[in-house]
A.B. asks: 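Here it is, the structure in full.
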Amino acid sequence: MFADDQASKALGIELIEAAEGHAVATMRINETMVNGHDIAHGGYVFLLADTTFACACNSHGPVTVAAGAEISFVAAGKLGDHLIATATERTRYGRNGIYDVTVHRETPDGPEVVAEFRGRSRTIQKA
């Protein structure tokens, strides 16, 4: 699935790790991703989390899409930040699943959380 994801590739998102129910992806904040406050536009942070969620929930094989998602911004992303998103499956039931994604950046003092994302997935029949 990620191999055909042109939107994520265009933003420089790299899939670092993928396993059943788990994924890690990264993205560097560049000058086209900052808003009028000179911080990372939240839509780009959401997109990184959503891509990582998609990789985790599609790791089981059947085509799976987002049924819904929400994000809490904890700290502002900054120009040049190398963001790391880690998705973890919380539960799957029937055709549904719940996944949590933490987006952080590395600092000299250790990881700093930028956002927390929760995605709800739904397995579908491929058309």
A.B. asks: Could you walk me through whether Arg118 and Glu70 satisfy the salt bridge (charged side-chain N to carboxylate O under 4.0 Å, His left out) test, starting with their C-alpha distance in whole Å, then the side-chain angles of each, then the deciding distance to 0.1 Å, before giving a yes or no?
C.D. replies: CA-CA 6 Å; Arg118 173 158 278 190; Glu70 63 183 51; over 6 Å; no
A.B. asks: Assigning hydrophobic clusters by single linkage (Ile, Leu, Val, Met, Phe, Trp, Tyr; side-chain heavy-atom cutoff under 4.5 Å), is Ile98 placed with Val103?
C.D. replies: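 Ile98 does not cluster with Val103.
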A.B. asks: Under a 4.5 Å cut-off applied to non-hydrogen side-chain atoms, are His82 and Ile84 in contact?
C.D. replies: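 In contact.
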A.B. asks: With a 4.5 Å limit on heavy-atom distance, are the side chains of Tyr99 and Thr88 in contact?
C.D. replies: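 The answer is no, as the side chains (C-beta and beyond) never meet within the 4.5 Å cut-off.
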A.B. asks: Can you give me the closest heavy-atom contact between Ala56 and Ala87, atom names plus distance?
C.D. replies: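 Distance-wise, the nearest heavy atoms are CB-CB, 3.8 Å.
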A.B. asks: Answer yes if Leu48 and Met33 sit in the same cluster of Ile, Leu, Val, Met, Phe, Trp and Tyr residues linked by side chain heavy atoms under 4.5 Å apart, and no otherwise.
C.D. replies: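 Yes, same cluster.
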A.B. asks: Measure from the side-chain N and O atoms of His37 to the backbone N and O of Ile39, and report whether any donor-acceptor pair falls under 3.5 Å.
C.D. replies: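 Judged by distance alone, no pair lies under 3.5 Å.
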A.B. asks: Quick check on Lys9: does its NZ atom have over 12 non-hydrogen neighbours (other residues, nucleotides or ligands) under 6.0 Å away?
C.D. replies: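 Result for NZ/Lys9: enclosed.
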A.B. asks: Could you pull out the closest heavy-atom pair between Ser8 and Leu47, with the gap in Å?
C.D. replies: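 Looks like OG-CD2, 4.2 Å.
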A.B. asks: Using only atom types and a distance under 3.5 Å, with no angle test, would you say the side chain of Arg95 pairs donor to acceptor with the backbone of Thr123?
C.D. replies: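 Side chain of Arg95 to backbone of Thr123: a pair is present.
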A.B. asks: Between Phe2 and Ile13, what is the shortest heavy-atom contact and its length?
C.D. replies: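 Closest heavy-atom pair between Phe2 and Ile13: CZ-O, 3.5 Å.
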A.B. asks: Give the intermediate values and the outcome of side chain to side chain contact (heavy atoms under 4.5 Å, CB included) for residues Thr86 and Thr52.
C.D. replies: CA-CA 7 Å; Thr86 303; Thr52 312; 6.0 Å; no
A.B. asks: Begin from the C-alpha positions of Leu83 and Val114 and carry the test side chain to side chain contact (heavy atoms under 4.5 Å, CB included) through to its verdict.
C.D. replies: CA-CA 8 Å; Leu83 300 181; Val114 172; 4.0 Å; yes
A.B. asks: What are the two closest non-hydrogen atoms of Ile29 and Ala40, and how far apart are they?
C.D. replies: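 Taking every non-hydrogen atom into account, CD1-CB, 3.9 Å.
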A.B. asks: Side chains of Ser121 and Phe53: closer than 4.5 Å at any heavy-atom pair?
C.D. replies: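 In short, these two side chains touch, coming nearer than 4.5 Å.
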A.B. asks: Apply side chain to side chain contact (heavy atoms under 4.5 Å, CB included) to Met1 and Cys55, showing your working.
C.D. replies: CA-CA 8 Å; Met1 179 215 62; Cys55 291; 3.8 Å; yes
A.B. asks: More than 12 heavy atoms of other residues, nucleotides or ligands under 6.0 Å from CD of Glu14: yes or no?
C.D. replies: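 It does not: Glu14 CD has 12 such atoms or fewer within range.
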A.B. asks: Do Met27 and Val45 come close enough that some side-chain heavy atom pair is under 4.5 Å?
C.D. replies: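 Met27 vs Val45: side chains apart.
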A.B. asks: Would you say that Leu79 contacts Glu31 through its side chain, given a criterion of any heavy-atom pair below 4.5 Å between the two side chains?
C.D. replies: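 Counting from C-beta outward, Leu79 and Glu31 do come under 4.5 Å.
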A.B. asks: Have Asn30 and Thr32 got a donor and an acceptor in their side chains that come within less than 3.5 Å?
C.D. replies: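 Checked: Asn30/Thr32 side chains pair up, N/O donor to acceptor below 3.5 Å.
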A.B. asks: Between Asn58 (side chain) and Ala54 (backbone), is there a donor-acceptor pair under 3.5 Å?
C.D. replies: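 Yes; judged by distance alone, with no hydrogens or angles, the pair exists.
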A.B. asks: Any chance you could measure Leu11, atom CG, to Arg28, atom CZ, to the nearest 0.5 Å?
C.D. replies: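 Leu11 CG to Arg28 CZ: 14.5 Å, rounded to 0.5 Å.
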A.B. asks: We want to know whether His22 and Glu20 form a side-chain donor-acceptor pair, criterion being a heavy-atom distance below 3.5 angstrom.
C.D. replies: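 The answer is no; no qualifying pair exists.
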A.B. asks: Between Asn96 and Thr91, is any pair of side-chain heavy atoms under 4.5 Å apart?
C.D. replies: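 Result no, sub-4.5 Å side-chain heavy-atom pair not found.
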A.B. asks: For Lys78, does its backbone N or O pair with a side-chain atom of Asp81 as donor and acceptor, under 3.5 Å?
C.D. replies: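 Judged by distance alone, yes, a pair lies under 3.5 Å.
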A.B. asks: Please walk me through it: do Glu116 and Thr102 pass side-chain hydrogen bond (donor to acceptor under 3.5 Å, both in side chains)?
C.D. replies: CA-CA 5 Å; Glu116 292 287 350; Thr102 298; 2.8 Å; yes
A.B. asks: So do the side chains of Thr51 and Asp5 get within less than 4.5 Å of each other, counting heavy atoms only?
C.D. replies: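 Sidechains of Asp5 and Thr51: in contact.
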A.B. asks: Assess whether side chain to side chain contact (heavy atoms under 4.5 Å, CB included) is satisfied between Thr107 and Arg105, documenting all intermediate values.
C.D. replies: CA-CA 6 Å; Thr107 72; Arg105 67 172 151 245; 4.2 Å; yes
A.B. asks: I want to check something: taking the side chain as every heavy atom from C-beta on, are Asp100 and Phe117 in contact at a cut-off of under 4.5 Å?
C.D. replies: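 In short, these two side chains do not touch, never coming nearer than 4.5 Å.
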